[in-house]
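All heavy atoms count here, side chains included; hydrogens, waters and symmetry mates do not.
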Number of protein chains: 2
Amino acid sequence: MSQRNTGVTTEAGSEADACPVREVLDRISGKWSIQIILAAAEKPIRFTELERSIPGISRRMLTLTLRSLERDGLLVRTVYPTVPAKVVYSVTDSARELHDAFVTLMDWAERNRGAITAARAAYDSDALAAAAQEEEPVGSPR
Amino acid sequence: MSQRNTGVTTEAGSEADACPVREVLDRISGKWSIQIILAAAEKPIRFTELERSIPGISRRMLTLTLRSLERDGLLVRTVYPTVPAKVVYSVTDSARELHDAFVTLMDWAERNRGAITAARAAYDSDALAAAAQEEEPVGSPR
DNA sequence: CGGCATCCCCCAGGATACTG
DNA sequence: CAGTATCCTGGGGGATGCCG
C-alpha cells in the first residue's frame, strides 16, 4: 500500500520476459536514463550537478530514475556523511559498456539528423499533396 | 481536425531540439520500433509476417509505428498491386546502421541479464531489511 | 543539499469493429 | 491481406510542497 507510482518501469518481475529487446528497453526507457548514464560516465557526479547538466529534468524524475538505475546495478550511490550530505553517483562496469553503445547511437543521430529531417519533410509534403487531391475528386472544385 | 492520435511521438517539429539524445530516443521510443527494425533488417518483410513475428503487438501499433519509421526514412514501404494487395517493408541504409547499434544493445542485454537480476534482488532485499528495522524502533516488538 | 510524498494531466497504446 | 477509425485506460512524468 505505502508504495505506489515508483515510476520508471520499476515493476517487480512479472512473468517470462526472456526477450532481450524488452530487457534493454525496460532499463533504458524513460526520457532520462540515457542522459544520466552519459553524464555519470564522464566522472562521478553529484545529485545537483546532474540536475543542472540535464536541462528539463524534474527533481522527482531525477530521483526516480537514479533509484531505478541503482537498483539495476548500473549506478553506484555513494553518500559522504558531511553536513549537508554529499551524494555522488558513478557508473558500474556494465553501465560503462552500455555507455559505449549509447555513444554509437548519439553518433548515428548526429550523422543522420539531416537525412531524417529531409525524409520527414518529403513524407509530409507527399501526404499533403495526396490530401489535396481528395478534395476535388473529379470535376468542379467549388 | 481529421487527424488525431497518430501516436508514436509523431509531433510535427517543435522548437530547438538539437539534443542528439532526444533525437535518437524520439525515433526509437515506443515499445515496437526496435523490434520492427530488427525484423525488417533480416529480410524485406510483409505486414502480416511482422505481426506474427512480434508477439503482443496490436494491428494499430504496428501500423502506427511502421508509418512513423517510414516517415523518418528508416523503412521503405513497397506495395505490389496484386489482389489482395501485398505490402513489403524493408530497411534503408541509415536504419541498417541503427540496426547494428541495436544488435550491440541486445548483446549487452544477454550478457548482463544475470547481473541485473542479481543486482535487483540484492537491492530489494536490502530495502526490505531496512523496512523491517523501522517496525521495531527500540525494544519490544509487541 | 538531496531527497520523498501527493496531486494531476496527458498520451502511448490496447481492444474492438469496419473497409477496400 | 493490409490497413483505418473510435473508444478508453494505465502509468509516465510534470508541478509543487515538506523534511533531515
Side-chain angles (χ1 to χ4, degrees), chain A residues 1-12 14 22 25-33 35-36 44-70 75 77-89 127 130-131 134, chain B residues 1-11 14 22 25-36 44-70 75 77-89 127 130-131 134:
Chain A
M1 283 216 184
S2 56
Q3 183 185 12
R4 265 211 56 242
N5 192 8
T6 308
V8 189
T9 56
T10 307
E11 99 177 74
S14 46
R22 301 240 50 77
L25 247 29
D26 286 354
R27 241 116 307 297
I28 291 175
S29 72
K31 297 163 75 171
W32 311 110
S33 306
Q35 294 174 73
I36 289 177
I45 188 171
R46 299 186 55 173
F47 187 90
T48 314
E49 290 181 297
L50 275 169
E51 196 173 6
R52 267 173 300 160
S53 74
I54 304 180
I57 193 170
S58 65
R59 231 191 204 69
R60 170 187 151 84
M61 286 319 295
L62 179 53
T63 305
L64 285 178
T65 311
L66 283 172
R67 289 290 167 279
S68 174
L69 294 174
E70 188 195 355
L75 286 185
R77 189 179 109 114
T78 313
V79 184
Y80 297 91
T82 61
V83 177
K86 175 181 174 179
V87 180
V88 171
Y89 293 89
E134 282 180 35
Chain B
M1 286 222 181
S2 58
Q3 182 186 14
R4 266 211 57 239
N5 190 11
T6 309
V8 189
T9 55
T10 308
E11 97 175 74
S14 46
R22 300 240 50 78
L25 246 29
D26 286 354
R27 240 116 307 297
I28 291 175
S29 73
K31 297 163 73 172
W32 311 111
S33 305
I34 300 189
Q35 294 173 72
I36 289 178
I45 188 171
R46 301 186 54 173
F47 187 90
T48 314
E49 290 180 298
L50 275 169
E51 195 174 7
R52 266 173 298 159
S53 75
I54 303 179
I57 195 171
S58 65
R59 229 189 204 70
R60 169 188 151 83
M61 285 320 295
L62 180 53
T63 305
L64 249 32
T65 310
L66 283 172
R67 287 291 168 280
S68 173
L69 293 173
E70 187 195 357
L75 287 186
R77 191 179 108 112
T78 313
V79 183
Y80 298 89
T82 59
V83 178
K86 174 180 174 179
V87 179
V88 171
Y89 293 90
E134 282 179 34

**OP:** Apply side chain to side chain donor-acceptor pair (under 3.5 Å) to R46(B) and list each qualifying residue two or more places apart in sequence or on a separate chain.
**Re:** none
Original post:
Who passes side chain to side chain donor-acceptor pair (under 3.5 Å) against E51(A), sequence neighbours left out?
Top reply: R59(A)
Subject >> Estimated bend of the helix from dC1(C)-dG20(D) to dG20(C)-dC1(D) (axis per five terminal pairs, rounded to 10 degrees) >> reply: 50°
Subject >> R60(A) CZ to dG12(D) P, straight-line distance once rounded to whole Å >> reply: 9 Å
**OP:** For the pair Y89(A) and I36(A), evaluate side-chain contact (heavy atoms from CB on, under 4.5 Å) and give the outcome as yes or no after the intermediate values.
**Re:** CA-CA 10 Å; Y89(A) 293 89; I36(A) 289 177; over 6 Å; no
Original post:
How would you list, by chain and number, every residue that makes a side chain to side chain donor-acceptor pair (under 3.5 Å) with R77(A), sequence neighbours excluded?
Top reply: none
Subject >> Contacts of S33(B) that satisfy side chain to side chain contact (heavy atoms under 4.5 Å, CB included) - sequence neighbours left out >> reply: T65(B), L69(B)
**OP:** Calculate the interatomic distance between I57(A) atom CD1 and dG13(D) atom C1'; express it in whole Å.
**Re:** 10 Å
**OP:** Could you tell me the separation between the CG atom of D26(B) and the P atom of dA12(C), rounded to a whole number of Å?
**Re:** 11 Å
**OP:** Any chance you could measure L66(A), atom CG, to M61(A), atom CE, to the nearest 0.5 Å?
**Re:** 10.0 Å
Original post:
E51(B) CD to dG13(C) C1': how many Å, rounded?
Top reply: 15 Å
**OP:** Send over the distance from I36(B) CD1 to dG3(D) C1', rounded to a whole Å.
**Re:** 14 Å
Original post:
How close or far is atom P of dA5(C) from atom CE of M61(A), stated in whole angstroms?
Top reply: 15 Å
What's touching nucleotides 1-3 of chain C from the protein side, N or O pairs under 3.5 Å?
{"from": "dC1(C)", "atom 1": "O3'", "to": "R46(A)", "atom 2": "NH2", "distance (Å)": "3.1"}
{"from": "dG2(C)", "atom 1": "OP1", "to": "R46(A)", "atom 2": "NE", "distance (Å)": "2.9"}
{"from": "dG2(C)", "atom 1": "OP1", "to": "R46(A)", "atom 2": "NH2", "distance (Å)": "2.8"}
{"from": "dG2(C)", "atom 1": "OP1", "to": "V87(A)", "atom 2": "N", "distance (Å)": "3.3"}
{"from": "dG2(C)", "atom 1": "OP2", "to": "T48(A)", "atom 2": "N", "distance (Å)": "3.1"}
{"from": "dG2(C)", "atom 1": "OP2", "to": "T48(A)", "atom 2": "OG1", "distance (Å)": "2.2"}
{"from": "dG3(C)", "atom 1": "OP1", "to": "R67(A)", "atom 2": "NH2", "distance (Å)": "2.8"}
{"from": "dG3(C)", "atom 1": "OP1", "to": "R77(A)", "atom 2": "NH1", "distance (Å)": "2.1"}
{"from": "dG3(C)", "atom 1": "OP2", "to": "Y89(A)", "atom 2": "OH", "distance (Å)": "2.7"}
{"from": "dG3(C)", "atom 1": "N7", "to": "R59(A)", "atom 2": "NE", "distance (Å)": "3.2"}

Original post:
Of all heavy-atom pairs between K31(A) and R22(B), which one has the smallest distance, and what is that distance?
Top reply: O-NH1, 3.3 Å
Original post:
Measuring from L75(A):CG to L50(A):CG, what's the distance to the nearest 0.5 Å?
Top reply: 8.5 Å
Original post:
Within this structure, what is the CG-to-P distance between L62(A) and dC4(C), rounded to whole angstrom?
Top reply: 10 Å
Subject >> Contact summary for V88(B) and K86(B), nearest pair of heavy atoms >> reply: CG2-CE, 4.1 Å
**OP:** Find the distance I54(A):CD1 to dG14(D):C1' and express it as a whole number of Å.
**Re:** 16 Å
